[in-house]
Amino acid sequence: MSKGRTKGRKKNISGIVNLIAVVAKLQKSLLLGKKLPSDDYFDESENNVPEDVKEGHFAVVAAEDDEVKRFVVPLSCLTHPSFLTLLEQAAEEYGFDCEGALTVPCRPSEMERILALIYT
């Protein structure tokens with residue numbers, strides 16, 4: 001195997017490991033009700049979760065070109081391979097230090113297809 005291919009593969013594996021760690025922390029904090037560091041910036045008396053986001057769910061924005069749509073999905077999506085691929089793409093495109101809603105780089109129709117695949 002050439003040296004360049006090995007180096008690229010190690011970088012991909014490292015990125016996947018980082019992504020898995022972030023997903024695990026997100027799952028754990030959401031499941032256990034643990035406060036995230038950014039929670040310190042909000043007044044505890046305020047309800048900062050939109051009413052349509054039920055317990056055990058989170059909001060995702062699918063955005064590509066001029067198409068943007070918000071979805072509320074269950075935490076179980078965080079373990080599905082298709083959704084993990086989207087998270088990896090989001091990490092590559094936006095990085096890990098984004099504020100606001102989780103945005104994934106795909107068309108809303110693609111997100112609908114992935115969610116249909118997960119729910120069936």
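For reference, positions follow the sequence shown, starting with 1.
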Do NZ/NE/NH1/NH2 and the carboxylate oxygens of R113 and E110 come within less than 4.0 Å?
yes
Considering all heavy atoms, the nearest [X]-[Y] contact:
| X | Y | answer |
| --- | --- | --- |
| L86 | P105 | O-CD, 4.2 Å |
| P74 | Y119 | CD-OH, 2.7 Å |
| F71 | P108 | CZ-O, 3.7 Å |

Distance from [X] atom [atom1] to [Y] atom [atom2], nearest 0.5 Å?
| X | Y | atom1 | atom2 | value |
| --- | --- | --- | --- | --- |
| K69 | C106 | NZ | SG | 11.5 Å |
| H80 | L115 | NE2 | CG | 10.0 Å |
| F83 | M111 | CZ | CE | 4.5 Å |

Please evaluate residues L87 and L78 with respect to the criterion side chain to side chain contact (heavy atoms under 4.5 Å, CB included), reporting the C-alpha separation (whole Å), side-chain torsions for both, the decisive distance (0.1 Å), and the verdict.
CA-CA 9 Å; L87 290 177; L78 292 173; 3.9 Å; yes
Connected hydrophobic set around V68, excluding itself, where side chains approach under 4.5 Å
V61
Would you please name every residue forming a salt bridge (Lys or Arg N to Asp or Glu O under 4.0 Å) with [X], sequence neighbours left out?
| X | answer |
| --- | --- |
| R70 | D52 |
| E93 | none |
| D66 | none |

Kindly indicate whether the side chain of [X], heavy atoms from C-beta on, has any atom under 4.5 Å from the side chain of [Y].
| X | Y | result |
| --- | --- | --- |
| E64 | E67 | no |
| F58 | V72 | no |
| I118 | S82 | no |

If you apply the rule side chain to side chain contact (heavy atoms under 4.5 Å, CB included), what do you find for R107 with D65, and how did you get there?
CA-CA 8 Å; R107 289 193 165 93; D65 301 328; 3.1 Å; yes
Output all residues satisfying side chain to side chain donor-acceptor pair (under 3.5 Å) with Q89, sequence neighbours left out; order by chain, then residue number.
none
Verify the cluster assignment for L117 and L75: are they in a single hydrophobic cluster under the rule of side-chain heavy atoms below 4.5 Å apart?
no
